[in-house]
Amino acid sequence: MGRGLIYFDNAATAWPKPERVYQFMDQFYRTHGVNPGRSGYDLSLEAGSLLFELRQRLTRFFGGDEDTPERLVFTYNVTDALNLIIPGLLGSGDHVITTNLEHNSVIRPVNHLVRDQGAQATFVPFDSAGFVEPDEIKRAIRPNTKAVIVNHGSNVIGTVQPLREIGRLCREHDLTFVVDVAQTAGVIPIHMQAMNIDVLAFTGHKALMGSMGIGGLCIRKHVAVRQIRSGGTGVRSVHPYHLEEYPWRLEFGTPNMVGVAALWAGQDWLDENGVANIYGHEMKLASKLVEGLRQIDGVRLYCCNRLENHLSTILMNVQGADPGDVGIMLDVDHSIAVRTGLHCAPLVHAQLGTAETHGGVRFSVGAFNTEEEVVTAIKAVAQISVWAQERGSRPEPGLAPHTAIT
Ligand SMILES: Cc1ncc(COP(=O)(O)O)c(C=O)c1O
């Protein structure tokens, strides 16, 4: 790993990527770096084939409708995908139910819809273990409720939500079920049809092992989405308006073909290693980490008493130390990279009561972490905790100059 860094920030982005991903990105861009679907020569058609085959492959991977692979559309990332689908499904007078576990990529588009278009939204809380009770969602349903949006795996506390139960509820009440799988795709199996998921939003650069700059939506064939952007499609150029057919309906301009190549190679790597094995490896290390952190006086752990239905993302704080300072000490003194602050999910911290104390320290274990790295991390936190206890008191209110609010 570069400069001897121990990387526990895989929830931000999985890193490093498998070697085959780097190699295929490089090779594909050198040999097929032409604009796909814009021209009729062989190389352009070959590049277009990879794009089409990736739609098929990812639709199968997510258990979507395999007879409509064109409804797997590519975006810049999951934030972009959610910004297309939220106003594409909802408008003035509609009510949406979502959760306190959401990332700002859901919270902000929903809040804009409420403020700017007169929609209504309910954010349901999670329970003390970090799970959203389907009954909470049921209680929030109104006559004008149109959709339910749920973050499958929390990027802050790592809990994995009961999609089957929530999906069943959505089907019974005819609500469109949208799921953000940014944290789970590539580690937890997802089957849209079996789970009654109508729209799935994913990002390429986390456990799918693709690159930054690509994400997408997988949209079941019965779902109607308003098209809100327009531009070039490479086909039917004479048409004065954006095409209504998929994939063009939700794709605009030249696609990120290096990202397509990365996602393709990421799928190869996942096939070779097996999603269950990768998850097993990460959870073995996460259990060891939790076990070790639990023994340290002054360490507070959140929502990880049991690691069932959980990702390898662990949130903690050290009593008497600002989380930002803990992150800096881990980095500067121990070469350990973690993410501190609010993790772009302020409602999680508001509900945990950690928002006013600058959030928490998040360790997110990835496929390439080792047991040795976990042992080093536990020792580092133990040292920091001793330092904090010796120093004695909580930090003054207000931000330390280097504390990042994220
Ligand atoms: C649950 C969740 N949703 C959305 C995002 C945003 O991802 P991106 O920056 O790739 O759009 C993240 C990133 O951390 C996330 O964890």
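Order of appearance sets the numbers: ligands from 1, and atoms from 1 within every ligand. If you're wondering where the values come from, they're calculated on a predicted model, not measured in any experiment. When a residue number appears, it is its place in the shown sequence, counting from 1.
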Which donor-acceptor pairs under 3.5 Å do side chains of residues 224-233 form with protein atoms, sequence neighbours excluded?
residue: R226; atom: NH2; partner: P87; partner atom: O; Å: 2.9
residue: R226; atom: NH2; partner: L90; partner atom: O; Å: 2.8
residue: Q227; atom: NE2; partner: R229; partner atom: O; Å: 2.4
residue: R229; atom: NH1; partner: D80; partner atom: OD1; Å: 3.4
residue: R229; atom: NH2; partner: D80; partner atom: OD1; Å: 2.6
residue: T233; atom: OG1; partner: V235; partner atom: O; Å: 2.9

Sequence-distant partners of K379, side chain to side chain contact (heavy atoms under 4.5 Å, CB included), two or more places apart: V375

Give every pair formed by an N or O atom of ligand 1 and a protein N or O atom closer than 3.5 Å, one pair per line with both atom names and the distance to 0.1 Å, or write none.
residue: ligand 1; atom: 3 (N); partner: D180; partner atom: OD2; Å: 2.6
residue: ligand 1; atom: 10 (O); partner: T203; partner atom: OG1; Å: 2.7
residue: ligand 1; atom: 10 (O); partner: H205; partner atom: NE2; Å: 2.7
residue: ligand 1; atom: 11 (O); partner: N77; partner atom: OD1; Å: 3.4
residue: ligand 1; atom: 11 (O); partner: V78; partner atom: N; Å: 3.3
residue: ligand 1; atom: 11 (O); partner: T79; partner atom: N; Å: 2.9
residue: ligand 1; atom: 11 (O); partner: T79; partner atom: OG1; Å: 2.5
residue: ligand 1; atom: 14 (O); partner: K206; partner atom: NZ; Å: 2.6
residue: ligand 1; atom: 16 (O); partner: Q183; partner atom: NE2; Å: 2.7

Only distances under 3.5 Å count here; give the side-chain donor-acceptor pairs of residues 108-118 to other protein atoms, sequence neighbours excluded, each with its distance to 0.1 Å.
residue: N111; atom: ND2; partner: I107; partner atom: O; Å: 3.4
residue: H112; atom: ND1; partner: D116; partner atom: OD2; Å: 3.2

Could you tell me whether the side chain of N104 and the main chain of H343 form a donor-acceptor pair under 3.5 Å? no

Would a distance-only check, ignoring hydrogens and angles, find a side-chain to backbone donor-acceptor pair under 3.5 Å from S364 to T313? no

Checking the side chain of Q351 only, and the main-chain atoms of F126 only, is there a donor and an acceptor separated by less than 3.5 Å? yes

